[in-house]
Amino acid sequence: MIQQSCLSEISLWLSQQGYEGVAEESLLSGFCERCNAAGISISSALILMDTLHPDFEGHAFRWDSHDVFESSSVYDFTDDGKAREAWESSVFFHLIKENADEARHRFFLGEDTKFPKLSELKQAGHTDYLAAIHRFTDRGSIGEMNAFYSHWLTRHPEGFHDDELAALRLLLPTLALAFKAASCMRIIGTISDVYLGRDAGRKVMSGTITRGEVERIDAVLWFSDLRDFTGISDRAEPDQIIPFLNDYAGLVIDAIHAHGGSVLKLIGDGVLAIFRDADQRAGCAAALASEITMRTNLTVLNDRRRQEGLPTTDVYLGLHVGEVFYGNIGSRNRLDFTVVGPAVNMVSRISSLCGSVDRDTVMSREFMAMCPEDMRGFMVSMGRYALRGFARAHELYTIDPEMC
């Protein structure tokens with residue numbers, strides 16, 4: 001007989017883990033271990049939670065006592081292909097289709113295992129299987145995260161006893177709530193990173209959300225846009241424009257992230273980013289490393305698009321270094337976490353000059369002077385240029401074409 005006090009302790013533990021923000025892997029392993037100690041014989045468990053992420057549909061969490069392991073992974077969108085086939089052959093899909101909340105398959109009694117995965121589980125030595133769905137309402141759903149999916153197995157010769165099933169049914173809602181709390185934290189982090197940028201997102205998540213709350217920082221500034229985007233978008237088929245932008249924006253952003261930069265804004269075809277480092281020389285070196293990565297990958301992308309008969313372009317890049325205000329700017333109801341200041345205007349003007357001087361990358365004198373000495377040897381002066389909005393002309397630099 002399972003003691004009620006043990007179930008109360010597990011429920012209290014789950015609640016505490018949930019509000020303390022414990023990760024899902026630890027939640028699942030701790031729950032299974034405590035259940036086994038209380039007399040609920042769990043040999044293996046699986047939790048599925050859809051999420052809100054641009055690259056995948058959700059997270060899967062597994063625990064198994066036989067091999068003593070816990071793991072987590074992501075699963076692809078189940079709209080079509082093999083992922084769709086796997087989903088439609090699952091017990092969970094059947095439960096949704098039948099509008100049911102629970103399914104049990106007692107392998108030890110020789111019950112039919114019509115689902116492909118159940119045959120594998122039976123062959124692995126499990127004797128009983130319980131699947132459950134705890135659905136969220138519209139008030140509690142976030143995107144596709146509208147339910148807590150779980151299955152539970154035992155290797156006990158007689159399967160789950162009635163009191164074990166009753167105990168699981170009592171505890172699972174609290175486990176679902178704890179998992180939901182952890183998943184919501186993941187989603188908040190994803191949204192802040194994707195829409196604000198990594199560094200700005202973390203600052204907002206840490207509580208920097210007051211209007212006018214800014215800091216003065218010295219940063220390396222990157223502003224890039226696409227050559228002749230207006231003309232290309234005017235000539236291209238309408239359904240080609242968004243894939244075109246995604247290809248080239250993805251190329252630029254991946255290169256910036258690969259070397260520690262933080263993207264702050266996507267402005268049409270433009271990208272504003274910063275590189276922050278205690279040593280600004282390191283920040284300048286990272287920006288140049290991003291430029292090299294971007295140019296290398298741009299060649300590959302353009303080759304692929306030409307072979308597919310799709311329009312291609314180039315990336316114009318301006319680089320500058322200076323002091324900016326970094327933080328929350330806007331109204332009480334609509335804030336933007338970004339950088340402002342003359343240095344931001346400067347890097348934008350430098351980037352817009354690329355087309356008229358026929359250079360892909362143009363840098364300010366301040367940026368060139370802050371670069372490591374060995375990198376300055378690759379740069380040549382282009383002379384002094386008047387930049388719109390600035391009273392005096394500025395000397396600009398580019399990468400030596402012979403070095404390219």
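Numbers for residues simply follow the sequence, beginning at 1.
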Mind running salt bridge (charged side-chain N to carboxylate O under 4.0 Å, His left out) on Glu111 and Lys122 for me, showing each step along the way? CA-CA 11 Å; Glu111 290 184 356; Lys122 181 179 179 180; over 6 Å; no

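- A distance of 14.5 Å separates CZ of Phe223 from CE of Met346, quoted to the nearest 0.5 Å.
- For the pair Ile256 and Phe275, the minimum side-chain heavy-atom distance is below 4.5 Å.
- The pair Glu88-Lys97 fails the salt-bridge criterion, with no side-chain N (NZ, NE, NH1 or NH2) lying under 4.0 Å from an Asp/Glu carboxylate O.
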Carefully, step by step, assess Val91 and His151 under the rule side-chain contact (heavy atoms from CB on, under 4.5 Å). CA-CA 9 Å; Val91 176; His151 82 210; over 6 Å; no

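- Arg388 CZ: 12 or fewer foreign heavy atoms inside a 6.0 Å radius.
- Inspection of the Ser290 and His259 side chains reveals no N or O donor paired with an N or O acceptor under 3.5 Å.
- For Phe160 and Tyr129, the distance between ring centers is not under 6.0 angstrom.
- In terms of heavy-atom proximity, Arg227 sits nearest to Thr312 at NH2-O, 4.4 Å.
- Side chain of Ser89 to backbone of Pro116: no donor-acceptor contact under 3.5 angstrom is found.
- The shortest distance between side-chain heavy atoms of Phe244 and Thr313 falls below 4.5 Å.
- Residues Glu57 and Thr78 have side chains that bring a donor and an acceptor to within less than 3.5 angstrom of each other.
- Tested against Phe92 for a ring pair (Phe, Tyr, Trp, His ring centres under 6.0 Å), the candidates Tyr149, Phe148, Tyr75 yield a single pass: Tyr149.
- Judged by distance alone, the side chain of Ser29 and the main-chain N or O of Glu25 form a donor-acceptor pair under 3.5 Å.
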Before you tell me yes or no, could you show the steps for Leu52 and Ile191 under side-chain contact (heavy atoms from CB on, under 4.5 Å), namely the whole-Å CA-CA distance, both residues' side-chain angles and the distance that decides it to 0.1 Å? CA-CA 8 Å; Leu52 199 60; Ile191 292 173; 3.8 Å; yes

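- Every pair passing salt bridge (charged side-chain N to carboxylate O under 4.0 Å, His left out) that includes a residue from residues 242-267 is listed here, sequence neighbours excluded: Asp247-Arg304, Asp247-Arg305, Lys265-Asp336.
- Residues Tyr248 and Phe229 place their aromatic rings such that the two centres sit no closer than 6.0 Å.
- Leu310 contributes atom CG, which lies 11.0 Å from atom CD of Glu237 (distance to the nearest 0.5 angstrom).
- Residue pairs satisfying the salt bridge (charged side-chain N to carboxylate O under 4.0 Å, His left out) criterion with at least one member in residues 171-180, sequence neighbours excluded, are absent.
- Salt bridge Arg104/Asp128: present, at least one basic N to carboxylate O contact under 4.0 Å.
- Summarising the geometry, atom CZ belonging to Arg392 is positioned 10.5 Å from atom CD belonging to Glu395; distances are rounded to the nearest 0.5 Å.
- Arg155 and Gly125 get closest at one heavy-atom pair: CG-O, 3.4 Å.
- A donor-acceptor contact shorter than 3.5 Å is absent between the side chain of Ser348 and the backbone of Asn345.
- With hydrogens and angles ignored, the 3.5 Å screen pairs a side-chain donor or acceptor of Asn36 with a backbone N or O of Cys32.
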Hey, mind stepping through Leu226 and Asp314 against side-chain contact (heavy atoms from CB on, under 4.5 Å) and telling me if it holds? CA-CA 6 Å; Leu226 303 181; Asp314 206 339; over 6 Å; no

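- Distance check, rounded to the nearest 0.5 Å: CG of Leu175 to SG of Cys35 gives 8.5 Å.
- Pairing each heavy atom of Ile399 with each of Met363, the nearest pair is N-CE, 3.7 Å.
- Between the side chain of Thr127 and the main chain of His156, a donor-acceptor pair closer than 3.5 Å is present.
- Between Phe56 and His59, the ring-plane angle classifies as perpendicular under the 30° and 60° cut-offs.
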Under the salt bridge (charged side-chain N to carboxylate O under 4.0 Å, His left out) rule, what do Glu120 and Lys117 come out as? Steps first, then yes or no, please. CA-CA 5 Å; Glu120 296 178 22; Lys117 189 64 180 178; 3.2 Å; yes

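- A heavy-atom distance below 4.5 Å is found between the side chains of Ile217 and Val324.
- Listed by first and then second residue, the salt bridge (charged side-chain N to carboxylate O under 4.0 Å, His left out) pairs involving residues 157-173 are Glu102-Arg169 (not counting sequence neighbours).
- The local environment of CG in Asp55 is crowded, with over 12 non-hydrogen atoms from other residues, nucleotides or ligands closer than 6.0 Å.
- Taking both residues in full, the closest heavy atoms of Ser364 and Val321 are given as OG-N, 4.2 Å, listed atom of the first, atom of the second, then distance.
- When the shell of 6.0 Å around CD of Glu144 is examined, it contains 12 or fewer heavy atoms from other residues, nucleotides or ligands.
- Put simply, the side chain of Tyr316 does not reach to within 4.5 Å of the side chain of Leu353, judged on heavy atoms.
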In sequence, state the C-alpha distance, the side-chain angles, and the governing distance for Tyr397 and Thr361, and then conclude on side-chain contact (heavy atoms from CB on, under 4.5 Å). CA-CA 9 Å; Tyr397 289 75; Thr361 300; over 6 Å; no

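- More than 12 heavy atoms of other shown residues, nucleotides or ligands fall within 6.0 angstrom of atom CD in Glu308.
- Here CZ of Arg84 is found 14.0 Å from CG of Asp76. Values are rounded to the nearest 0.5 Å.
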Could you check Ser73 against Arg62 for side-chain hydrogen bond (donor to acceptor under 3.5 Å, both in side chains), going step by step and ending with a plain yes or no? CA-CA 9 Å; Ser73 60; Arg62 295 176 175 83; 3.3 Å; yes

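- Inspection of the Thr154 and Ser43 side chains reveals no N or O donor paired with an N or O acceptor under 3.5 Å.
- In this structure, Gln17 and Leu27 have side chains that are in contact, with non-hydrogen atoms separated by less than 4.5 Å.
- Expressed to the nearest 0.5 Å, how far CG of Leu153 lies from CG of Leu130 amounts to 9.0 Å.
- With hydrogens and angles disregarded, no donor-acceptor distance shorter than 3.5 Å links the side chain of Thr51 to the backbone of His53.
- When all heavy atoms are compared, the tightest approach of Asp277 to Gly283 is CB-N, 3.9 Å.
- Under the 4.5 Å side-chain criterion, counting only non-hydrogen atoms from C-beta, Val347 is not in contact with Leu319.
- Annotation: His126 is not in aromatic contact with Phe107 [ring centroid separation under 6.0 Å not met].
- Ion pairing of Arg135 with Asp101 is present here, as a side-chain N (NZ or NE/NH1/NH2) and a carboxylate O approach within less than 4.0 Å.
- The ring of Phe31 has its center closer than 6.0 angstrom to the ring center of Trp152.
- At most 12 heavy atoms of other shown residues, nucleotides or ligands fall within 6.0 angstrom of atom OH in Tyr195.
- Residues Leu317 and Arg295 form a side-chain contact, since some pair of their non-hydrogen atoms from C-beta on lies under 4.5 Å apart.
- Looking at every heavy atom in both residues, Arg281 comes nearest to Cys371 through NH1-O, 3.0 Å.
- A heavy-atom distance below 4.5 Å is found between the side chains of Thr208 and Phe337.
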